[in-house]
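What follows is a set of notes on a single structure, which appears directly below.
Every chain is numbered from 1 and lettered A, B, ... according to where its sequence line falls, protein lines coming before strand lines. When reading the values below, keep in mind they use all heavy atoms of this one structure, side chains included, and skip hydrogens, waters and symmetry mates.
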Protein chains: 2
Amino acid sequence: MVRNRIRLSEVARAAGVSPATVSRAISQPDLLSPETLARVRRAADHLGYRPDAAARALASGRSMTIGAVMPTLDNAIFSKALQAMQAQLAGDGYQLLVASHDYSKAAEAECIRTLLARGVDGLILVGAERIAEAAQLLSQSGLPVVMTWCAPDGAPSVLVDNEHAGLLATRHLLGLGHRRIGVITGATRFNDRQRGRYRGVRRALEEAGLTLPPALACEQATTLAGGRMGCAQLLDLAEPPTAIVGGIDLIAIGCMVEAQARGLAIPADLSVAGIDDLDMSAHVSPSLTTVHVPTARIGTEAARMMVAILRDEPGPTTLTLPVDLIVRRSTGPAPARG
Amino acid sequence: MVRNRIRLSEVARAAGVSPATVSRAISQPDLLSPETLARVRRAADHLGYRPDAAARALASGRSMTIGAVMPTLDNAIFSKALQAMQAQLAGDGYQLLVASHDYSKAAEAECIRTLLARGVDGLILVGAERIAEAAQLLSQSGLPVVMTWCAPDGAPSVLVDNEHAGLLATRHLLGLGHRRIGVITGATRFNDRQRGRYRGVRRALEEAGLTLPPALACEQATTLAGGRMGCAQLLDLAEPPTAIVGGIDLIAIGCMVEAQARGLAIPADLSVAGIDDLDMSAHVSPSLTTVHVPTARIGTEAARMMVAILRDEPGPTTLTLPVDLIVRRSTGPAPARG
DNA sequence: AGTCTGGATGAAAGCGCTTTCACCAGAAGG
DNA sequence: CCTTCTGGTGAAAGCGCTTTCATCCAGACT
C-alpha cells in the first residue's frame with residue numbers, strides 16, 4: 001500500500017484549481033484554456049503526479065485495460081501477435097492483461113472469468129470455439145470481443161483464411177508432382193485453426209481428384225517434438241508419403257529433423273511444407289517452404305479494431321488478412337515412382 | 001461500462017447481512033460464523049456475484065496484481081518463465097500484468113512506470129541492470145521487487161549462475177580436447193545474463209591456460225539467424241574454431257544449421273554447445289549439448305518469493321538455482337590437428 | 001442597455017468496495 | 001452479581017478519481 005503517492009487534489013491545490021480541472025487536464029485537455037492546462041501540467045510534472053489506475057477505473061467505469069486470452073505464450077506465433085497487440089494498445093493508452101490456458105477449453109473459460117472480474121474493457125480471443133459457460137460469460141458481460149485467427153460469421157474479428165493456407169501448401173506440392181501427401185496437424189478437436197488448415201489440405205487433394213488416406217493424416221502436439229513423432233509415424237508406413245504438410249511450421253521443422261536423422265535428403269527424398277512462416281523457418285536447413293501468416297499484423301489489427309469499437313468509431317468489424325505461399329528449399333519435385 | 005453487475009450490497013441484502021459481512025465472507029471468511037458464511041455464499045452464488053477488482057483495489061490499496069517486465073515474449077525461455085509465474089501467482093489469487101521492452105533499457109523504464117501507475121503490488125524483473133530513472137521509480141515506489149536471472153547482492157532474487165553455465169559448457173569442450181573454442185553471445189552491453197555466461201567461458205579457458213583471441217568471440221542477436229551469422233563469421237576465419245559455445249541455445253542451433261549448410265558434420269568437424277536447454281534442443285539433429293537452465297522454475301520461484309514477501313512471510317530472499325551440463329550429440333572429440 | 005450564448009471552471013455526489021471502530025451478546029473470571 | 005473478555009456483526013467513513021450540474025463571465029446579438 002503506497003499511500004505516499006501524490007494525489008490529484010494535491011496537484012489541484014498546487015496549481016490553484018479544482019480537482020475537476022486537474023482531472024480534465026488529464027483526460028479531456030481540450031476542455032481547458034491553454035493557460036490553465038499549462039499550469040496544471042506544470043504542477044503535475046513538478047510533483048511527479050501519477051493517476052491511480054484503480055480509482056480512475058472505479059470512477060469512470062473504464063479500466064483502459066484489454067484482456068487477451070491466448071492458448072499459450074510458448075509459441076512464437078502467439079507471443080508475436082501479443083507483442084504487436086501490446087504495442088498497438090499502448091499507443092492508444094490501453095494496457096494488455098494476458099492470460100493463457102494451454103489449449104484447455106475449461107481453463108479458457110476460467111481465464112475469461114478472471115479477466116472479466118478484473119474489469120477489462122474488452123477481450124481479444126483466439127479462435128471461435130469455446131464452451132457454453134465461456135460464451136455465456138461473454139454475452140452477459142456485454143463487453144466488446146474481438147476474435148482472431150477464426151471466428152463465427154458476423155462477430156468482430158481479424159481472421160486468417162486457414163483453409164486457404166492449407167490449400168496453398170498442398171497445391172504447391174501437387175504442382176511438384178507429389179501424389180502421396182501426408183499431413184500432420186495439431187489436435188483438431190480443440191483447435192479450429194488447425195481444423196481449417198486440414199480442411200484446406202483435403203480440398204486441394206480433392207481438386208486434384210485424390211483422397212487423403214486416413215493413414216497419411218495424423219495429429220500431434222504443436223511442437224517440434226510432435227513434428228518428429230508424426231513424421232516418424234508417416235515414414236514408417238509401408239507406403240510412406242513423398243511430401244508432408246505440417247499444420248504449423250514447428251511441426252514441419254520437426255519433420256525435417258526426423259527425416260534428416262533417418263538419412264533422408266530434403267527435398268530430394270521428402271518434401272516438407274509448413275504454415276505460419278516463423279522467423280526461424282527461413283533459417284533452418286533447408287529453408288522451409290511455408291505459407292506466410294501475418295501473425296504480428298493479426299495482433300495489431302485486433303488491437304486497432306478493439307479500440308475502434310470502444311470508441312464507437314465506424315468501420316469494418318471483420319478483417320481477413322491474406323496468406324501467401326513462400327517457396328523455399330524444403331520442397332522439390334516428387335521422386336520418380338520407384 | 002457494465003453497470004448491470006451485481007453489487008456487494010445486493011448480496012448483503014439478499015443474505016440479510018451488512019455489506020461489511022459480505023466483504024469479510026470474501027476476504028476473511030474465518031472471521032464469520034459458519035452459518036453466516038454459508039448464507040452469504042449461497043446468496044452470492046445465486047446472484048452470480050463477482051467483486052469489482054477496481055473497487056477492491058481502491059479500497060484496500062492492494063490490487064492483487066503483480067507486474068512482470070520481460071525483455072521479450074518472443075523467446076521460449078521468457079515465455080516459459082512467464083507461464084510458470086502466472087500459474088503460480090494464479091494459485092495465490094494474484095494476476096500477472098506483463099510488459100516487454102525488446103531489450104531497450106529506456107523502454108524498460110517506461111514499462112515499469114506504466115505498471116506502477118497500474119497499481120501493481122510488486123514487480124518481477126529480469127536482470128539487475130537498469131537505467132537510473134528506472135531504479136529511482138522502483139525505490140521511490142517502495143514496492144517489493146524480485147529480480148530474476150541476475151541481481152545485485154542482497155536484493156530479493158531468483159538467480160541462475162550464468163558464469164557457471166558458461167564454465168560448464170566450456171570445460172566440457174576442453175575436456176574433449178578442443179583448444180580453439182569460439183563463443184557467440186547476445187549483446188553483452190545490455191544483457192548481464194549474456195555477460196555472465198561469457199565470463200564463464202573465459203574463466204574456463206583461463207583455467208586451462210588458454211586465452212580467448214578476440215576474433216573467436218562475437219556478439220549477435222539472440223536468435224537462430226544471429227547464430228547462423230556468428231557461425232559464418234567464425235568459420236570464415238583463417239583459423240576457424242573446432243568448437244563453439246552459443247550464449248543461448250537458439251544461437252547454438254543457428255550455428256549447427258550454418259555449419260551443416262556448409263557441409264560440415266557435427267560433431268566430427270565442429271562441436272557446438274549451447275546454454276538454456278530449450279525443449280527443441282533435444283530434438284534438433286544432432287541433439288544439442290547444452291547447459292540446462294531451469295527456466296520454468298525461475299518463474300515459479302520468483303512468483304512464490306513475491307507472494308511470500310507480500311505476506312511478510314519469513315524465508316530466504318535469494319535463491320540460486322542449479323545449472324547442469326547435458327551432454328548430447330552435438331559435441332565430440334576435437335579433430336586431430338591438421 | 002439587455003438578453004443570450006457558450007466556453008471555462010468549481011462543487012459535490014458518487015463509483016463498489018474495505019476497514020476501523022463501536023456494539024452487543026454470552027462466556028469466563030473474580 | 002458485576003466486570004472483563006471475546007467472537008460475531010453492523011455503521012459509516014473513506015480509497016482517489018470522474019462527471020454531472022451549476023455557476024460565472026465574456027462577448028455577440030437584438
Task: Among dG10(D), dT18(D), dG16(C), the one nearest Ser60(A) by side-chain distance - done: dT18(D)

TODO: Could you tell me the separation between the CG atom of Leu31(A) and the C1' atom of dG6(C), rounded to a whole number of Å?
DONE: 13 Å

TODO: Have a look at Thr21(A) and say if it touches a base, only the backbone sugar-phosphate, or nothing, with a 4.0 Å heavy-atom cut-off.
DONE: sugar-phosphate

Open item on the list: Within the structure provided, determine whether Ile124(B) and Val69(B) are in side-chain contact (heavy-atom separation under 4.5 Å).
Closed with: no

Open item on the list: Using whole Å, what does the distance between atom C1' of nucleotide dC15(D) and atom CD of Glu10(A) come to?
Closed with: 14 Å

TODO: Write down the distance between CZ (Arg39(A)) and C1' (dG10(C)), rounded to a whole number of angstrom.
DONE: 13 Å

TODO: Check the surroundings of atom CG in Asp153(B): do more than 12 heavy atoms from other residues, nucleotides or ligands lie under 6.0 Å from it?
DONE: no

Open item on the list: At 4.0 Å (heavy atoms only), tell me whether Val17(A) reaches a base, stays on the sugar-phosphate, or touches nothing.
Closed with: sugar-phosphate

Open item on the list: Is Arg62(B) close enough to dT19(C) that one of its side-chain N or O atoms is under 4.0 Å from OP1 or OP2 there?
Closed with: yes

Open item on the list: In this structure, how many angstroms lie between the P atom of dT19(C) and the CG atom of Leu32(B), rounded?
Closed with: 14 Å

Open item on the list: Please pick, from dC17(D), dG8(D), dG10(D), the nucleotide with the shortest atom-to-atom distance to any side-chain atom of Thr36(B).
Closed with: dG8(D)

TODO: Please tell me which of the listed nucleotides, dT18(D), dG16(C), dG10(D), lies nearest to the side chain of Leu8(A)?
DONE: dT18(D)

TODO: Evaluate side-chain contact (heavy atoms from CB on, under 4.5 Å) for Thr65(A) paired with Leu96(A), printing each intermediate quantity in order.
DONE: CA-CA 6 Å; Thr65(A) 300; Leu96(A) 194 62; over 6 Å; no

Task: Spacing of Arg56(B) atom CZ relative to dC17(C) atom P, expressed in whole Å - done: 9 Å

Open item on the list: Would you say Ser100(B) and Gln83(A) are linked by a side-chain donor-acceptor pair, where the criterion is simply a distance under 3.5 Å?
Closed with: yes

Open item on the list: Quick check on DNA chain D: between Ser33(B) and Ile26(A), whose nearest nucleotide comes earlier from the 5' end?
Closed with: Ser33(B)

Open item on the list: So if I take every side-chain heavy atom of Gln28(B) and compare against dT19(D), dG16(D), dT19(C), which nucleotide ends up nearest?
Closed with: dT19(C)

Open item on the list: Could you check whether the side chain of Arg24(B) and the base of dG10(D) have a donor-acceptor pair of N or O atoms closer than 3.5 Å, going by distance alone?
Closed with: yes

Task: Gap between atoms CZ and C1', on Arg5(B) and dC15(C) respectively (whole Å) - done: 12 Å

Task: For atom CZ of Arg118(A) and atom C1' of dC17(C), their distance in whole Å - done: 14 Å

Task: Atom pair OG (Ser157(B)) and CD (Glu301(B)), whose distance is rounded to the nearest 0.5 Å - done: 12.0 Å

- [ ] Could you work out which one of dC17(D), dT19(C), dG10(C) sits closest to the side chain of Pro51(A)?
- [x] dC17(D)

Open item on the list: Can you tell me which nucleotide in dT18(D), dC17(C), dC15(C) comes closest to the side chain of Leu58(A)?
Closed with: dC15(C)

TODO: Just compare dC17(D), dG16(C), dG10(D) and give me whichever is closest to any side-chain atom of Ala59(A).
DONE: dC17(D)

TODO: Specify the separation, in whole Å, of atom CE of Met64(B) and atom C1' of dC17(C).
DONE: 14 Å

